[in-house]
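Given the structure is predicted, the values throughout are model-derived calculations rather than measurements. Sequence lines set the chain letters: A, B, ... in the order given, protein chains first and strands last, and positions in each chain run from 1. FYI, side chains are in, hydrogens and waters are out, and symmetry mates aren't considered; it's all heavy atoms of this structure.
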Amino acid sequence: MKSVVGSSFGLARQWLTESAEAWSRFWFTPCSPRVISVLRILAGAMLVYSHLVWAMDLGSFLGPDAWIDNDTAKSLHDGSFGFSDAARSYLWNIDSMGLLWAHHVVAILIAIAFTLGFLTRLSGPLSLFLQLMLLHRLTGMLFGLDQILTYCLMYLSIGPSGACYSVDAWLRRRLTGDRLAWLFPADRPSVSANVATRLLQIHLCVIYFFGGIAKARGTTWWDGSAMWLSAANYEYQSVPLTWIVDYPRLGALLSNATMLWELSYVALIWPRLTRPVFLVIAVMVHAGIGIFLGMITFGTMMIIANLIFVSPKLFSCQSCEA
Amino acid sequence: MSSRKVQAAEERIPEPSMPTRPLGKWQWVISLGILFHLVAVVLPPLAYQSDGPAGISPVIQAATTPVRPYGEFLHLNRGYAFFAPDPGPSHLFQIARLDEENFPFEEWMYPSLDHQWPRLAYHRHFMLAEYLNRIHRPVDLPEGLDPSIIVDLKAERRRYEYVRRSMIEKMRKELSHDNIALRRIEHALLLPQDYSSGIPINDRRTYQVLGDGPVFSEPALSEEVPTPQDAGANETITDPKVPS
């Protein structure tokens, strides 16, 4: 009896030790910052574009005369209607369009700085904060693009996403060298790059898994009619997909495959054999969403986010340090 | 050493059999932070899925409480149910300028590719229309409801009315016109056979005005159903299960 208990404790201890080592390898192995640097440029550009579109009709989205005015927007979050949450924004309290315009121009400039990789350690978190203030103010007008863009900003702000392909990298080579290393990170593998990479990878897995679960609770993604219903939605339609009505098996295949791909992404994106297949499917799914369902920005941003699973070896960097 | 070999050496991931150091103090701190964040990432969509007739699962509700403010602030409180559980009809809203007799003499539909560009701007208005429909609650509540549910539904109705009023007020100022009307519209989806018979997906009959009563989707094509007299059904219809 004593030997059984002793063996069990020994096995448990061994399991805990191996688990801790696996956790350490997964999270704390240094990783190249090249992928997150590429993501910085692409996500930053999307952020700038999003800000510019708000700016095309800023008064309709922000301020006292917006579709949802300041007081109503605040009430949606402060418990006035029975719902109170932590999604607060100082933009609720700014009625001056002059001040809102100044704020928005600053947000655009900081987003440009982040895209170009200038003072990325500062422009990244600032871009994220300003984006969150906008999102909390713009309740009712948001969709998947805002979610994935915000999450990318979040994780890119954690890692040294300004280490490559950036003004910071140029400044480091020309001016600072190893001084101010935190502000101008080197293009070297680092734990923070790895943590940022892993967080975005896991978050993507969560998004797809629960997206698949939600679809699996319906009927049309199983019976194959979901693709037709998506194609038949006039308000989403950009390039017509209604020809799929003549190919019901194709529609059914795409419906089932989309749901099953989402459900299995969390498991099969990790192995080397299946990762390329799942990334190709991701490009096809999101390109389809962009081309046929009019959500070009969302489809593009999801493809950009999937780049987090691409090997940094695919990206060369002339400034890489031996 | 060639730059390629340097690159490969830098990016080599340790083999699983390579011994690793135990977690240091800072790694423990970072690990706890990572775990907290991942809980905040996973629980909101889990709570969304666990929301049923009896409410959200109490165990998930309890687990979500410590991370809720963190998740709400970072916009992590999402369900990720894109086009799920099933793709459904889309919703629009229509603004009309009314004359003294409350007759509309000018109308705008939102979203509209004719008036909103680029596509992202169109989509913002589309999301606003969907949001207005999602928060709609009827004025009249069914009888026999639990008082706590009545309180919640009344609060939700007030939310809808405030948002709607804000939208009307915006158009009043923009058009410098007091008499503005707003109505919600649902654009139903055609069945494949209807589309194959030649009906376009933007046929006028597929657009239905949503009243302020209980919300339910009408059939895709709103056409008059003939009464039994019109159909000449004077014959007796026999239930095959009932012996004659």
Heavy-atom cut-off 4.5 Å, strictly under: side chain, backbone, both or neither for [X] against chain A?
{"X": "B:Gln49", "result": "both"}
{"X": "B:Arg159", "result": "both"}
{"X": "B:Leu46", "result": "both"}

Measure distances from [X] to the heavy atoms of chain B and classify the residue's part below 4.5 Å as side chain, backbone, both or neither.
{"X": "A:Ser230", "value": "both"}
{"X": "A:Gln237", "value": "both"}
{"X": "A:Ile202", "value": "side chain"}
{"X": "A:Ser225", "value": "neither"}
{"X": "A:Val195", "value": "side chain"}
{"X": "A:Trp228", "value": "side chain"}
{"X": "A:Ser89", "value": "neither"}
{"X": "A:Leu132", "value": "side chain"}
{"X": "A:Pro248", "value": "neither"}

First locate atom OH of B:Tyr162, then atom CG of A:Asp69, and finally report the distance between them rounded to the nearest 0.5 Å.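 If we round to the nearest 0.5 Å, B:Tyr162:OH and A:Asp69:CG are 10.5 Å apart.
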
I need the B:Leu38 CG to A:Leu199 CG distance, nearest 0.5 Å.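 Here the interatomic distance stands at 6.0 Å.
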
Count the heavy-atom pairs under 4.5 Å between each of B:Arg68, B:Glu169, B:Met127, B:Arg124 and chain A, then report the option with the highest count.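 The candidate making the most pairs under 4.5 Å is B:Arg124.
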
Indicate whether the side chain of A:Gln147 and that of B:His75 have a donor and an acceptor atom separated by less than 3.5 Å.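 The criterion, which ignores hydrogens and geometry beyond distance, is not satisfied for B:His75 and A:Gln147.
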
Tell me yes or no: between the side chains of B:Ser31 and A:Trp23, is some donor less than 3.5 Å from an acceptor?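 Side-chain D/A pair, B:Ser31 to A:Trp23: present.
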
Are the aromatic ring centres of B:Phe83 and A:Tyr236 under 6.0 angstrom apart?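 So the answer is yes for these two rings.
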
Shorter than 4.5 Å, heavy atoms on both sides: which option in A:Gly294, A:Gly82, A:Ala226 has the most such pairs with chain B?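 Most heavy-atom pairs under 4.5 Å with chain B: A:Gly294.
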
Pick from A:Ser60, A:Gly59, A:Cys31, A:Ser50: which one has the most heavy-atom pairs with chain B under 4.5 Å?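 Highest number of heavy-atom pairs under 4.5 Å: A:Ser60.
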
Quick one: sort the B:Phe82 and A:Phe298 rings into parallel, tilted or perpendicular, breaks at 30° and 60°.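 Ring orientation, 0 to 90° scale: tilted.
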
Using 30° and 60° as the class boundaries, would you call the ring planes of B:Tyr80 and A:His203 parallel, tilted or perpendicular?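 Correct class here is perpendicular.
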
At their closest point, which heavy atom of B:Ser166 faces which heavy atom of A:Thr72, and how far apart are they?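 That closest heavy-atom pairing would be CB-OG1, 3.8 Å.
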
Give me the atom names and distance for the closest heavy-atom approach of B:Ile95 to A:Trp67.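 It is CD1-CZ3, 4.5 Å.
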
